[in-house]
Amino acid sequence: MSNETAFQNRSTRRLLRVLAVAIAVVTLLCQIRMATAADPVKLTTRADQPGPKISPIFYGLMTEEINYAYDGGLYAELIRNRMFQDKPRRGNRAGTVSNPAVEKNPNLIDWWLVVDQGADCAIDIDTNEPVNTIALKNSLRLEIKSVAAGQRAGVANDGYWGIPVRPNTQYTASFFARASEGFKGPLKVAIEPNKGGAAFASGEVPTLTSAWKKYTIQIRTGDVQPTADARFVISASNPGTVWLSFVSLFPPTYKNRPNGMRVDIMEKLAGMNPSFLRFPGGNYLEGSNFENRFDWKKTLGPIEARPGHMSPWGYRSTDGVGLLEFLEWCEDLNMEPVVGIYDGLHLDRGKTTITGDALKPFVQEAVEEIEYITGDTSTTWGARRAKDGHPAPFKLRYVEIGNEDWLNNGMRDYAGRFAMFYDAIKAKYPDIQVISSLRSKDHYDHTRRPDLLDDHFYVNIPTALQNAHYYDHYDRKETRIFAGEWATNSPRGGPVGHMAFALGDAAWLTGLERNADVVNMHCYAPLFCNVNPGGMQWSINLIGYDAVTSFGSPAYFVQAMFSNNRGDVVLPATFDPLPMLDAEQIPKAPARPGAPRRESPATNAKYDGLFASVTRNTPSGDVILKLVNVQADPQPLDIDVQGVPMVAPTASGQLLTADLAAMNSVAEPTKVSPKSFTITNAGTRFRHELPGHSVTVIRLKTR
Ligand code: AHR
C-alpha cells in the first residue's frame, strides 16, 4: 500500500468515527427532546358561541388593618405612636433594642430621648391639660433642665421601621406644642440619619406659647440617596419644659390628598386596575370585642379627634384611614366601595354577640353609614360628609352584613341579625345589593334571600388547582357569589408567596372567569404586608413593602395580567387532549424552614396540567386567551379560534414564568414579573408554545 493510500484510509476511518460520534450525539439530543417536549394539545374556542357575561366589576381589592396595612403601610403618616397612646408590641425594633423611656412609661413606645453629652433632660407622659379629651389625653413632656451652648436635647421617633428619606422631597411636619413660661425657642425639627451627621431635612418653630397651638412646618430633602435609616427629631437648645401632642410627618401623598396615601403603593394598586374595594375587613370590621369594632363614626373628622382603637391583629390603629379616607381611596382609583357593615358579631366565639332589640341602634347606624356615603347634603349624614370635606356623594351598590359569620358562633343568630339589616337597608335603599357573609357551602337558611354569598378560600396548591372547577357544577338557580377573600397560601411562610403559589392562583382565576355567571366579583386577601420583622401577622400577601420600597408578589402580577385583560363575555374553550398530572407532578410550594408541611394531596388524585379562560372584549372584538401551564415542561398548543372572520397575524401578550421557588422582595422587587411579547404567527389556527410553569395572556385582534 502506498503512503498516499494508507493516508486516505486513515482519513476515511477518522471521518467515519467523527460522523458516528455526531450521529450518536444528535440521536441522544433527539431522545432528550422527545422525552421532555409534550405532544401538541389542541385548544378550541368559539367566538360565535358566547357564554356568560362577566361583571364589569369582576376584579377588585380586599383590605383591612392587618400586617401594618395602613399605619406603617398605605397611610402615608410616618410617625409611629403620634398620639402617645400605643403600648409596647411584638416587633418594635425587632425587640432587640431596649428603650429607657419606655421602661418609664409604656406610652412612650417609639419615642427616644436625644441628649447631647452634658445636657440634662427627661421625658415622660403627661395627662394634665390635654389638647382634647377625646383622643389626645396624653402628651409628651420634655423637660430640659440644663443644656450648654451648642448642645441640644429632645426626642426622636423612628417611625414604622425607619423614616423614609427620598431625594428632593417636601415633608409636612406638624404637632401641637406648649411651653413653660420662660422657655425661649426655637424648637428644631429634622429628619436625621440614625448614625448621626448632617440632617437630611430640617426646619424650626421660632417660639412657643404657654397655650396649646398647632404648628405646621415644611421641610425638604436635597439630593440624597433614598434610605429608611433615619429618624425624626424635635429638639431645643434652651432649658425649659415643652409639651408635645399629636406629632405628625407626611411625605407627598397620592394625588396630594391631605392625610393621604403613600404614592408607590397606590401606584401598585392602580397597576392592578381594580374595580372595587371591600373594606374595612375582615376581622378588622368585627374587632376583638365591642369597643374595638370598626366604629365608623369615630373615624370621621379631624384626625386629632379620632381616638383610634386596637386592631384585632395586635397593634393600635390610628384610624387615620377612616370611613371617608376609604371612600376617597376608592375615588382615587376609580373603584366602587363594597362596605362591610358591623353586625353585632365580635371575635370572641359569640360571647358578646348583640342580637334582637339590642342590635337595633346598630341597624340604625348602618342606615346612617349608607346615608353618609350616598346622601346629598340635604341629609343629616350627607351634610356631615360635606363638613368633613367631601360634598359629592359616593356611588354605593354593595354592602356586606358582617364578616365570616360562620365563625364565632355567628350562625346561631345570623338569620335574625341579617334580616334586621336587610329589611332596614332595602326599605331605604332598595337598589343596594346586600351580601351575606356566609358561604355557599354553609347552605344556611337565611330568612331573607341575600343578593350574594361571600365565599372565602385560603388553600394549598393542589386545592387551588382542583378549585378551578369549584363552580363548574354550581346550581345556577342558587345565590350568586362574591369570592371576598381568597389566596393560594399554604404552607404558610413569609410575607409573600413564590411563583408556585401564583400558578395556583392563576389556575383558580381561570375557573372564576369561566364561571362568571355564578361569580359576580372576587378579591384576593390579604392585600398588604410590611415585611419588616414584626410587621407580619398573616403570611402570604399580595404586596410587600418596607418604609422606602414596595413590591408586588408573583400573585400580584397574575392579577394585574388578568385584570388588565378583561373580556365582557366568556367563550367556550376546550383542550384536546387535556394533559393530566399525578400529585407528584404538580407545582410544589418550596419548603420553608420551620414551617409545617401541610400540603398532602391524595396520592391517587389527578390534576389538570393546563387551564384556560377565553373571553371576548366586545367593544374591541379582541379574543383574550388566559393560559396556565402547571406542567414542568413546555406545552405546544394548536389554537383554533372558530366563529371569527379573521385573526390578525400580529398579537400582543404577556408571559409570567419563573422557578417555582422564585419570589419578589425589597431587594429584588421585580425578579418575577411579566414580560410583554408580540407574536406574528397568529391566525384562526396557529401554534403557540407555553413554557413550563407559566401564565400567558394573549390578545387576538379579530377586526
Ligand atoms: O385575611 C385575613 C383574615 O382572614 C380576615 O381578616 C378574615 O376575614 C379571614 O379569616
Side-chain angles (χ1 to χ4, degrees), residues 60-74 269 274 276-289 292-294 309-315 317 321 326 338-350 353 398-411 414 435-442 452-460 463-464 467 481-497 501 504-505 508 521-531 535-544 553 555-556 559 598:
L61 305 176
M62 186 273 168
T63 177
E64 68 174 312
E65 183 57 276
I66 182 173
N67 299 325
Y68 294 87
Y70 313 141
D71 294 347
L74 180 69
L269 297 179
F276 68 86
L277 180 71
R278 175 178 176 234
F279 68 83
N283 291 162
Y284 186 60
L285 170 71
E286 305 157 87
S288 303
N289 48 41
N292 292 304
R293 71 197 188 281
F294 184 79
H309 70 286
M310 277 303 285
S311 125
W313 300 102
Y315 57 94
S317 164
V321 179
F326 279 115
V338 175
V339 179
I341 300 287
Y342 165 75
D343 72 349
L345 189 79
H346 315 114
L347 300 166
D348 63 359
R349 303 190 182 168
T353 309
Y398 295 94
V399 297
E400 177 165 356
I401 308 307
N403 174 64
E404 294 189 337
D405 279 69
W406 76 83
L407 293 172
N408 291 295
N409 286 314
M411 289 204 276
Y414 191 66
I435 305 169
S436 163
S437 78
L438 298 187
R439 304 160 297 182
S440 55
K441 72 175 183 190
D442 294 321
L452 293 167
L453 297 171
D454 182 357
D455 277 355
H456 291 184
F457 302 86
Y458 292 110
V459 299
N460 61 19
T463 310
N467 278 358
I481 299 298
F482 167 40
E485 292 182 29
W486 64 262
T488 310
N489 70 353
S490 176
R492 302 282 184 88
V496 298
F501 287 149
D505 291 342
W508 153 253
M521 50 193 188
H522 68 87
C523 41
Y524 184 105
L527 184 57
F528 293 134
C529 187
N530 189 313
V531 301
M536 179 183 86
Q537 294 88 49
W538 182 284
S539 67
I540 312 300
N541 305 279
L542 210 55
I543 294 173
S553 64
Y556 163 89
Q559 287 209 52
R598 276 184 282 153

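Atoms considered below: every heavy atom in the structure, side chains included; atoms not considered: hydrogens, waters and symmetry mates. Model, not experiment: these values are computed from the prediction. Every number for a ligand or one of its atoms is a count from 1 in the order of the listing.
Annotation for W406 and H456: closest pair CH2-ND1, 3.5 Å, computed over non-hydrogen atoms.
At a 4.0 Å heavy-atom cut-off, ligand 1 does not touch L407 at all.
In this structure, L407 CG and N283 CG are separated by 8.0 Å, a value rounded to the nearest 0.5 Å. Summarising the geometry, atom CH2 belonging to W538 is positioned 6.5 Å from atom CD1 belonging to I66; distances are rounded to the nearest 0.5 Å.
For W313, the heavy-atom gap to ligand 1 drops under 4.0 angstrom. Under a 4.0 Å heavy-atom criterion, P526 is in contact with ligand 1.
Looking at residues two or more places apart in sequence or on another chain, you find no side chain to side chain donor-acceptor pair (under 3.5 Å) involving Y524.
Looking only at heavy atoms of the protein, atom 1 (O) of ligand 1 is closest to Y458 OH, 2.8 Å. Nearest protein heavy-atom contact of atom 10 (O) of ligand 1 is E404 OE1, 2.7 Å. Atom 4 (O) of ligand 1 has as its closest protein heavy atom E485 OE1, 3.2 Å. Among all non-hydrogen protein atoms, the one lying nearest atom 6 (O) of ligand 1 is E64 OE2, 2.4 Å.
Using a distance-only test at 3.5 Å, with no hydrogens or angles considered, a donor-acceptor pair links the side chain of E65 to the main chain of D71.
Note: F326 and F294 have perpendicular aromatic rings, judged against thresholds of 30 and 60 degrees for the angle between ring planes.
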